[in-house]
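Some notes on the structure that comes next.
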Amino acid sequence: MGKGYFISKPLATIAALLAALAVITIIALSIVYSKEKAKNELKFNNGTSPVPPTKPPSNEPWDKYRLPDTISPQYYNITLWPQLTMDSQGMYIFTGESGVAFKCVKETDLILIHCHKLNLTLFEGMHAKLMGMHNTKAPAIGKTWFQEETQYLVIQLKGTLKPGMVYWLYTEFRGELADDLEGFYRSEYEEDGAKKVLAITQMQATSARKAFPCFDEPAMKAIFHITLIHDRGTVALSNSRDLGPESLKIKGQNVIKTRFEPTKRMSTYLVAFIVCEFTYTSKQRDNVDVLVRIWARKNAIAEGQGDYALRITQPILEFFEKYYNTSYPLSKSDQIALPDFNAGAMENWGLVTYRETALLFDPQTSANGNKQRIVIIVAHELAHMWFGNLVTLKWWNDLWLNEGFASYVEYLGADYAEPTWSIKDQFILYDIYHAFAVDSLVSSHPLSRKEEEVNTPSEITQMFDTISYSKGAAVLRMLSQFLSEPVFVEGLSTYLKQFAFGSTTYTDLWDHLQKAVDKTPNLKLPHSINDIMNRWILQMGFPVITIDTQTGNVSQKHFLLEPDSVVERPSEFNYEWFIPIKWMKRGVEQEQLWLLQKSAMHKSLKAGNREWVLANLNVSGYYRVNYDLQNWERLLDQLTTDHQTIPVINRAQILDDAFTLARASIININLALKVTKYLSKEREYIPWEAALRSLSSLYDVFERNEVYGPMQAYLRKQVKPLFDHFTSVTRNWTTVPAGHTDQFTQIIALSLACSTGVQGCRDLTKHWFRQWMQEPDNNRIHPNLRSTVYCNAVAAGGVEEWDFCWKMFKKSTVAAEAVKLRSALSCTKQPWLLNRFLEYTLDPEKIRKQDATTTIGSIASNVIGQPLAWDFVRERWEYLLNTYGTGSFGFARLISDVTAKLCTPFELQQLKQFQKDNADVGFGSASQALQQAIEKTTARIKWLAENKEPVLKWFLSETA
Ligand SMILES: *[C@@H]1O[C@H](CO)[C@@H](O)[C@H](O)[C@H]1NC(C)=O
Ligand SMILES: *[C@@H]1O[C@H](CO)[C@@H](O)[C@H](O)[C@H]1NC(C)=O
Ligand SMILES: *[C@@H]1O[C@H](CO)[C@@H](O)[C@H](O)[C@H]1NC(C)=O
Ligand SMILES: *[C@@H]1O[C@H](CO)[C@@H](O)[C@H](O)[C@H]1NC(C)=O
Ligand SMILES: [Zn+2]
């Protein structure tokens with residue numbers, strides 16, 4: 001998902017936003033960039049299961065979460081009729097009938113089929129009908145019942161099913177079309193003054209069973225014949241092309257029946273169907289019979305908001321066909337933007353669903369960051385059409401391979417569609433550094449989990465985390481770089497060919513990559529792929545390598561943010577890795593090394609006078625780098641004299657590694673602070689963005705104490721040249737620069753200058769905003785700069801600015817614009833406005849459910865809003881948990897957002913009290929996030945105590 005980012009990046013949309021949120025509201029940085037990745041920071045405890053078993057262990061098959069291996073589905077015939085108007089009981093419902101043809105694999109007298117929140121209506125007391133196919137006789141049904149905990153319909157038979165025979169199990173059912181964002185659900189929006197209702201699906205991971213009874217496991221692939229009954233004036237969509245709508249009359253109602261072509265053999269979690277009043281913009285692909293359509297609200301399509309997605313879909317599909325050496329497996333590709341969607345996007349085969357912000361681009365009002373997010377998420381989802389959908393991992397424990405892979409190749413597909421954007425360089429910002437952040441805690445977990453450790457829906461949901469998406473992507477990128485792209489791609493394409501329409505485990509991919517390596521005589525690896533990669537996927541964490549350029553020694557150590565923390569999770573590899581090291585000496589790239597032990601000598605690493613060594617070129621490896629002090633000093637010299645000799649990605653790396661090593665007390669904080677001195681000359685986006693993130697964690701601890709003033713003064717001095725640079729290249733801020741990433745840097749210049757008080761900056765933003773308030777129908781603020789301008793104006797203003805912003809938010813018909821306004825509303829400095837805004841999140845008429853937890857999180861990233869949001873969350877914990885705590889991928893993020901600034905022993909105590917007080921109600925999908933919050937708060941307290949004095953001194957001396 002992009003559940004957001006999660007859920008095949010369902011949360012990606014939010015995720016991108018979330019990733020940037022802290023920075024956006026704290027330093028008013030406003031690159032509203034989010035990916036599908038929700039980047040939930042869910043983590044697993046050391047060895048303990050995140051959710052205690054709710055049932056005493058039982059050996060009955062219906063008490064086990066996994067289906068028995070006695071039955072194999074072949075095809076389903078499903079007819080569904082969603083009612084888009086409320087019934088007399090005030091409910092929205094759908095009715096359906098479904099049959100599944102299945103083959104008996106092992107003799108059995110029991111059928112278990114997933115079925116959740118459906119009322120079976122076939123006839124009194126009878127839940128299902130069973131028939132034999134092809135002249136087989138079926139045994140009679142004995143007892144049937146629902147096993148709520150494991151979500152099965154249990155059917156005991158009076159005789160047995162015979163191996164090799166095929167049977168037909170038929171049910172009729174009725175379900176609620178709730179607004180719960182999972183399974184078959186409804187969404188509402190307003191168009192031209194009228195309320196519209198649509199029916200949509202989100203099956204991943206375990207909600208197909210809420211739409212129709214099914215064998216709801218990814219390896220239980222089948223063919224689906226889907227039929228939808230719907231009102232006139234609506235259109236029905238599903239995974240395959242329709243066979244033409246027919247009009248008919250049912251129970252006196254004039255309706256349309258749309259049947260769809262049978263799907264390919266596929267998993268239940270990829271099934272999708274939609275009934276709506278949307279329209280589309282389309283294109284037949286050149287030379288191939290594939291229909292490409294972008295669907296959205298009629299007004300959005302009329303305004304051309306789907307055009308950008310349509311334009312990039314063609315090249316992205318083309319890219320992946322070449323990359324995988326496999327044609328697009330289906331005859332159509334629909335992508336649809338939904339007003340209510342939990343994830344960022346979801347890769348349903350042939351019918352990909354998105355949040356509006358992840359698919360729709362309005363050239364009048366959307367920023368180039370919005371555009372970038374679209375191209376990345378679309379590339380991610382389309383990458384899944386092969387990797388994930390055509391070939392599917394057998395079970396959710398291997399989710400990291402599916403999501404990590406898509407999170408890596410999304411950059412390749414996006415780069416092909418937008419070749420001038422240098423998108424691949426941003427990988428370190430949006431994946432590697434997110435992964436590092438959670439993977440440096442003892443509460444992290446290995447990429448790969450054992451199959452038997454992942455059973456319940458909640459355990460499955462927790463697999464959609466930063467580790468699966470971003471660390472998965474980072475280790476696959478490292479693998480592809482040490483193999484070289486052609487070898488990687490060769491192994492990949494034979495893997496896809498062998499397992500098309502089937503299911504695999506990650507070792508199947510390793511086997512194919514190994515075959516590709518064995519066919520390449522001049523590629524010498526120190527060990528097999530399996531041996532090298534096992535160390536990266538079976539043990540959590542990552543190494544920091546230390547290079548001593550005096551002796552040529554290089555050594556490795558498990559990197560932990562909190563140096564005194566105790567790792568309880570044992571590793572058969574002893575927390576050592578096989579590490580590929582690409583490196584350069586004095587600007588010249590050298591031959592790649594491998595570090596295969598704890599430490600080793602490499603004479604070539606010795607450096608003489610004025611020679612500097614720089615390791616992990618382009619951060620192609622998933623590790624951090626430390627050096628002897630002399631080498632650090634030489635790197636600093638190089639940055640100050642001519643920073644461009646160091647590759648741009650590595651300038652970001654030096655900043656980020658230095659700050660993080662200082663956070664972990666491995667190097668002195670003064671050394672990290674010194675790196676920021678060269679920033680006054682830096683004009684590139686990636687290093688500036690890396691700097692902002694490091695600084696934002698400094699803000700988290702220093703914003704409320706005496707360090708704040710001197711820190712602001714220093715940053716003001718450092719950003720002033722960047723601000724002046726853009727003042728001159730944009731003719732006094734009347735234009736935006738041409739370069740894609742230069743536009744991002746311009747935003748950083750404006751937001752950091754305004755938040756640190758560079759002369760003239762706030763006057764600019766105030767002036768622009770006031771102009772808009774005077775002419776609300778004529779917003780002349782450049783879309784790129786809007787987040788920053790809105791946030792600054794609301795922060796500087798009072799209720800008048802806030803109410804104006806709110807009015808514009810409610811009026812906005814462009815999702816990306818609404819996101820900017822909603823986020824700006826949390827920038828106010830007035831506690832009463834912040835509290836009022838918090839209350840709004842309880843009312844779906846004011847703040848959509850899909851946005852509620854993000855809104856609370858963004859209020860918490862405001863230093864004044866943080867205590868209010870934290871109180872709010874604690875007071876209403878039960879409500880929040882019941883409303884968002886299980887299916888929602890943003891829920892864990894809520895906990896990390898509201899606790900991000902806690903840094904005193906008293907606050908830690910409150911956090912622990914919160915954990916205690918709610919032990920009974922629980923923490924749902926935020927359980928791991930809460931563990932992390934405690935770990936991170938403890939680390940912040942300690943770090944603050946040790947570093948406050950030196951940091952204060954350093955800032956004072958730099959600004960004296
Ligand atoms: C299932 O639907 C297909 C396509 O409409 C049809 O050919 C087939 O006979 C149906 N199977 C059963 C058992 O009804
Ligand atoms: C299903 O049955 C229960 C119990 O009779 C009832 O409360 C519920 O409203 C029914 N749901 C639907 C969608 O009819
Ligand atoms: C796959 O590669 C072969 C050999 O290079 C080529 O002939 C073929 O056209 C490729 N297929 C696709 C679908 O790209
Ligand atoms: C920008 O504004 C300054 C001060 O108002 C003015 O002196 C300068 O000429 C302007 N520059 C451009 C390129 O318009
Ligand atoms: Zn995905």
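Counting begins at 1 with the first residue of the sequence.
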Side-chain donor/acceptor of [X] to backbone N/O of [Y], under 3.5 Å:
| X | Y | value |
| --- | --- | --- |
| Ser470 | Ile467 | no |
| Gln556 | Gln597 | yes |
| Gln204 | Asn348 | no |
| Trp396 | Val454 | no |
| Asn239 | Leu270 | yes |
| Glu217 | Leu67 | yes |
| Ser240 | Glu261 | yes |
| Ser528 | Asp531 | yes |
| Lys471 | Val438 | no |
| Asn650 | Asn616 | yes |

Just by distance, no angles: are the side chains of [X] and [Y] close enough, under 3.5 Å, to form a donor-acceptor pair?
| X | Y | value |
| --- | --- | --- |
| Gln372 | His740 | yes |
| Tyr495 | Thr504 | yes |
| Asp439 | Ser444 | yes |
| Thr494 | His512 | yes |
| Ser327 | Glu321 | no |

- Message: Ring centroids only, cut at 6.0 angstrom: are Phe224 and Trp349 within range, meaning strictly under it?
- Response: no
- Task: Kindly state whether the ring of Phe436 and the ring of Phe542 have centres lying under 6.0 angstrom apart.
- Result: yes
Of the non-hydrogen atoms in [X] and [Y], which two are nearest, and what is the gap between them?
| X | Y | answer |
| --- | --- | --- |
| Tyr416 | Pro419 | O-CD, 3.6 Å |
| Lys424 | Asp415 | CE-OD2, 3.2 Å |
| Lys221 | Asn389 | NZ-O, 3.5 Å |
| Phe215 | Pro73 | CD1-CB, 3.8 Å |
| Gly491 | Leu513 | CA-CD2, 3.9 Å |
| Pro580 | Phe482 | CG-CD2, 3.8 Å |

Do [X] and [Y] have side chains that approach each other closer than 4.5 Å (heavy atoms only, starting at C-beta)?
| X | Y | value |
| --- | --- | --- |
| Ser555 | Lys598 | no |
| Met463 | Trp400 | no |
| Thr546 | Asp548 | no |
| Ser468 | Asp465 | yes |
| Lys497 | Thr326 | yes |
| Trp510 | Leu479 | yes |
| Ser440 | Thr660 | no |
| Val517 | Val487 | yes |

- Task: Determine the sole option in Asn402, Val409, Thr392 for which the side chain to side chain contact (heavy atoms under 4.5 Å, CB included) test with Phe387 is passed.
- Result: Asn402
- Candidates Lys606, Lys585, Met584 - the one meeting side chain to side chain contact (heavy atoms under 4.5 Å, CB included) with Val613: Lys585
- Query: Do other residues, nucleotides or ligands put more than 12 heavy atoms under 6.0 Å from the NZ atom of Lys394?
  - Reply: yes
So, taking the atom named [atom1] in [X] and the one named [atom2] in [Y], what distance separates them when rounded to the nearest 0.5 Å?
| X | Y | atom1 | atom2 | result |
| --- | --- | --- | --- | --- |
| Asn397 | Ser448 | CG | OG | 6.0 Å |
| Arg477 | Leu412 | CZ | CG | 10.0 Å |
| Ile529 | Asn534 | CD1 | CG | 11.0 Å |
| Glu418 | Ile376 | CD | CD1 | 10.5 Å |
| Ile336 | Tyr354 | CD1 | OH | 11.5 Å |
| His558 | Met540 | NE2 | CE | 5.0 Å |

- Can you check side-chain hydrogen bond (donor to acceptor under 3.5 Å, both in side chains) on Gln590 and Ser604, steps first, answer last? CA-CA 9 Å; Gln590 311 286 316; Ser604 57; over 6 Å; no
- Go through Thr505 and Asp398 one step at a time and tell me if the side-chain hydrogen bond (donor to acceptor under 3.5 Å, both in side chains) criterion holds. CA-CA 7 Å; Thr505 64; Asp398 274 339; 4.9 Å; no
- Task: Over 60° means perpendicular and under 30° means parallel, so classify the ring planes of Trp536 and Tyr622, tilted if in between.
- Result: perpendicular
- Item | Aromatic plane relationship, Phe427 with Tyr408 - under 30° parallel, 30 to 60° tilted, over 60° perpendicular | perpendicular
- Query: Would you call Arg66-Glu451 a salt bridge at under 4.0 Å N-O?
  - Reply: yes
- If you draw the axis of the six-membered ring of Tyr430, does the NZ or CZ of Arg693 fall within 45° of it and under 6.0 Å from the ring centre? yes
- Query: Does Arg535 count as lying over the ring of Phe578, i.e. NZ or CZ under 6.0 Å from the six-ring centre, within 45 degrees of the axis?
  - Reply: yes
- CA sep, side-chain torsions, deciding dist, call: Glu689, Gln426, side-chain hydrogen bond (donor to acceptor under 3.5 Å, both in side chains): CA-CA 10 Å; Glu689 176 72 21; Gln426 294 181 36; over 6 Å; no
- Message: Before you tell me yes or no, could you show the steps for Glu403 and His384 under side-chain hydrogen bond (donor to acceptor under 3.5 Å, both in side chains), namely the whole-Å CA-CA distance, both residues' side-chain angles and the distance that decides it to 0.1 Å?
- Response: CA-CA 8 Å; Glu403 291 306 347; His384 278 310; 3.1 Å; yes
